[in-house]
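Worksheet for the structure shown next.
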Protein chains: 2
Amino acid sequence: MAEQKKTRSVIKREAIITGALAAFQQYGVADSSMDKIAELAQVSKRTVYNHFESKEVLVAEIITSEWEKRTVVYDALYDANKDIKSQLTALVANEVELMCDSAMMELVRVAMAHFLFAPDTLQHQMAKMFEQETALQRWLKLAMADGKLKTLDVNFAHDQIKGLLKSRAFWPQLLRQQEPLTANEKTELVDMTVGMFLSYYQA
Amino acid sequence: MAEQKKTRSVIKREAIITGALAAFQQYGVADSSMDKIAELAQVSKRTVYNHFESKEVLVAEIITSEWEKRTVVYDALYDANKDIKSQLTALVANEVELMCDSAMMELVRVAMAHFLFAPDTLQHQMAKMFEQETALQRWLKLAMADGKLKTLDVNFAHDQIKGLLKSRAFWPQLLRQQEPLTANEKTELVDMTVGMFLSYYQA
DNA sequence: AATTTAAACTGCACTGTGTAGTTTACTTTA
DNA sequence: TAAAGTAAACTACACAGTGCAGTTTAAATT
């Protein structure tokens, strides 16, 4: 790794981002002043403005870059020789892990609160964050092409799976109405979801 | 109807609520100043404060009262003599109508943005808004007791149905990524949901 | 029908506070 | 020594909330 040669500028920048994220997660974007952010980052306010020309720029940059950092692509492609159920189970388990990740959840919370009433220009930015083909979608297409699933609308089916998962593993936690799922609850959720999906869709 | 005798006070109060709701829906709670609300309501700011002692009180009162107004109870109880599928279809169709309602959606948008980073005390208020047994839950219990459905965790099953519906009819619209569903799309969604649910749970 | 009364509303000036963003004079670091 | 950071004061503004003198409204009284 070439991580030793961090210039002071880079160090400060990272501190700002860390501090801003912490502030956003604790107070939300609207209630995080630039002074608070600078203080949390252990950096002078002027330095914040040297790195980010305005609060809006800082917010946008942090949210999108953190988002990209966290949407890593898990690419287990469809394998015609392996059994459908176990493949789907692995994929779905992966989706659950992604959506349960607490850093991810906090980021979504920040982004949602910030974008819900944002002007159109910012809404587009949010839209881009969401429209991103998942490994699950690719797999569904291939499995269907291979005749292992009933003919189906891939997007519809994908939303069904996501809906089944999120209603238990994501939304209640995002709204802080429910504790994060335990490992057991996760596997149960995955099994039930795959079971229900295949009971309807398996060819 | 005894609606003619509205005192001036009542008229003003209603104007304030209407104005505040309009402001909230357009700008969000945080960016709706009391001046803006008074202006939209065509009422002096002082009058707003005569009716609501602070902004927080105004927000809380409006959100909860509007919520209660909109969560009307549809009570179609389980009927052992009628066929399972048609009963469930009616109930699910009702749920979809409720969650698609644009006034409801706007209210949820306002409430979410407002409560997402609120202190614990306010979070409890939100929690109460959500924990409310639906006709669907009651029906599932009775249908299961009657042996028409496999033994199941009622809450889990309920969340599954809600998840299947919301991932297509609610969340994308809330985030303004998707237009509201057409009538056809709604019935298709209802049919697919009931179909999938029963394919797994019907005894 | 004219007058009185009390409650509610208005408009406006004013206080206090919090915040984005700027500026300045000084210090550190590569 | 030049670029980057620091600390603190400062500007300009928006907002929540208050106080008050004067006006409107509707109903009760004459």
Side-chain angles (χ1 to χ4, degrees), chain A residues 2-63 110 113-114 117-119 121-122, chain B residues 2-63 110 113-114 117-119 121-122:
Chain A
E3 282 186 19
Q4 294 140 342
K5 299 265 169 163
K6 277 181 190 168
T7 95
R8 188 165 54 138
S9 179
V10 169
I11 292 170
K12 294 291 173 180
R13 185 170 233 272
E14 288 171 356
I16 293 169
I17 292 175
T18 309
L21 263 179
F24 294 163
Q25 284 162 16
Q26 187 166 2
Y27 309 107
V29 172
D31 289 333
S32 295
S33 71
M34 294 297 261
D35 292 282
K36 221 180 269 175
I37 291 170
E39 193 194 325
L40 270 175
Q42 300 268 61
V43 141
S44 91
K45 187 168 134 183
R46 194 63 185 85
T47 301
V48 177
Y49 277 100
N50 284 343
H51 283 273
F52 302 92
E53 70 180 8
S54 71
K55 189 180 175 185
E56 260 315 301
V57 168
L58 179 142
V59 169
E61 205 155 312
I62 288 186
I63 290 181
V110 167
H114 185 242
F117 287 95
T121 52
L122 282 186
Chain B
E3 281 187 21
Q4 294 140 341
K5 299 267 171 164
K6 277 182 192 167
T7 93
R8 186 164 55 138
S9 178
V10 170
I11 292 170
K12 294 291 174 179
R13 184 170 232 273
E14 288 172 355
I16 294 168
I17 292 175
T18 309
L21 265 179
F24 294 165
Q25 284 162 17
Q26 187 166 1
Y27 309 107
V29 171
D31 289 333
S32 295
S33 72
M34 294 298 259
D35 292 281
K36 221 182 268 175
I37 291 169
E39 194 193 325
L40 270 175
Q42 300 268 59
V43 142
S44 95
K45 182 167 141 184
R46 205 63 185 80
T47 300
V48 177
Y49 277 100
N50 286 342
H51 283 273
F52 303 93
E53 68 180 9
S54 71
K55 188 182 176 183
E56 260 315 300
V57 168
L58 179 142
V59 169
E61 207 156 310
I62 288 186
I63 289 182
V110 167
H114 184 242
F117 287 95
T121 53
L122 282 186

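To find a chain, count down the sequence lines: A is the first, B the second, and so on, and within it residues start at 1.
Every residue meeting the salt bridge (Lys or Arg N to Asp or Glu O under 4.0 Å) condition with B:K45, not counting sequence neighbours, appears here in chain and number order: B:D35. Among residues two or more places apart in sequence or in another chain, the side-chain hydrogen bond (donor to acceptor under 3.5 Å, both in side chains) test is passed with B:S9 by none. Here A:R46 pairs with A:N50 under the side-chain hydrogen bond (donor to acceptor under 3.5 Å, both in side chains) rule; sequence neighbours left out. Judged as a side-chain contact (heavy atoms from CB on, under 4.5 Å), and not counting sequence neighbours, the contacts of A:L40 are A:A22, A:A23. Taking the side-chain hydrogen bond (donor to acceptor under 3.5 Å, both in side chains) definition, one finds that A:S33 meets it with nothing, sequence neighbours left out. For B:E61, the side-chain hydrogen bond (donor to acceptor under 3.5 Å, both in side chains) partners at least two apart in sequence or on another chain are B:R13. Looking at residues two or more places apart in sequence or on another chain, you find no salt bridge (Lys or Arg N to Asp or Glu O under 4.0 Å) involving A:E39.
Rounded to whole Å, the distance from CD1 on B:I16 to P on C:dA8 is 13 Å. Per the geometry, CD belonging to A:E39 stands 12 Å off P belonging to D:dA8, to the nearest Å. In this structure, CD of B:Q42 is placed 15 Å from P of C:dC9, rounded to the nearest angstrom. Atom CG of B:N50 and atom C1' of D:dC20 are 12 Å apart (whole Å).
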Given side chain to side chain contact (heavy atoms under 4.5 Å, CB included), test A:V110 with B:F117 step by step and report yes or no.
-> CA-CA 9 Å; A:V110 167; B:F117 287 95; 3.8 Å; yes
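OP1 or OP2 of C:dT10 sits under 4.0 Å from a side-chain N or O of B:S44. For the OP1/OP2 pair of D:dG5 and a distance below 4.0 Å, the side-chain nitrogens and oxygens of A:H51 include at least one atom meeting the criterion.
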Can you give me the N/O atom pairs linking the protein to nucleotides 13-18 of chain D at distances under 3.5 Å, or say none if there are none?
from: D:dA16; atom 1: OP1; to: B:K55; atom 2: NZ; distance (Å): 3.2
from: D:dA16; atom 1: OP2; to: B:M34; atom 2: N; distance (Å): 2.7
from: D:dG17; atom 1: OP2; to: B:Y49; atom 2: OH; distance (Å): 3.2
from: D:dG17; atom 1: OP2; to: B:K55; atom 2: N; distance (Å): 2.8
from: D:dG17; atom 1: N7; to: B:K45; atom 2: NZ; distance (Å): 2.9
from: D:dG17; atom 1: O6; to: B:K45; atom 2: NZ; distance (Å): 3.2

Please write out the pairs of protein N or O atoms and N or O atoms of nucleotides 23-26 of chain D separated by less than 3.5 Å, giving the distance to one decimal.
from: D:dT24; atom 1: O2; to: B:R8; atom 2: NH2; distance (Å): 3.3

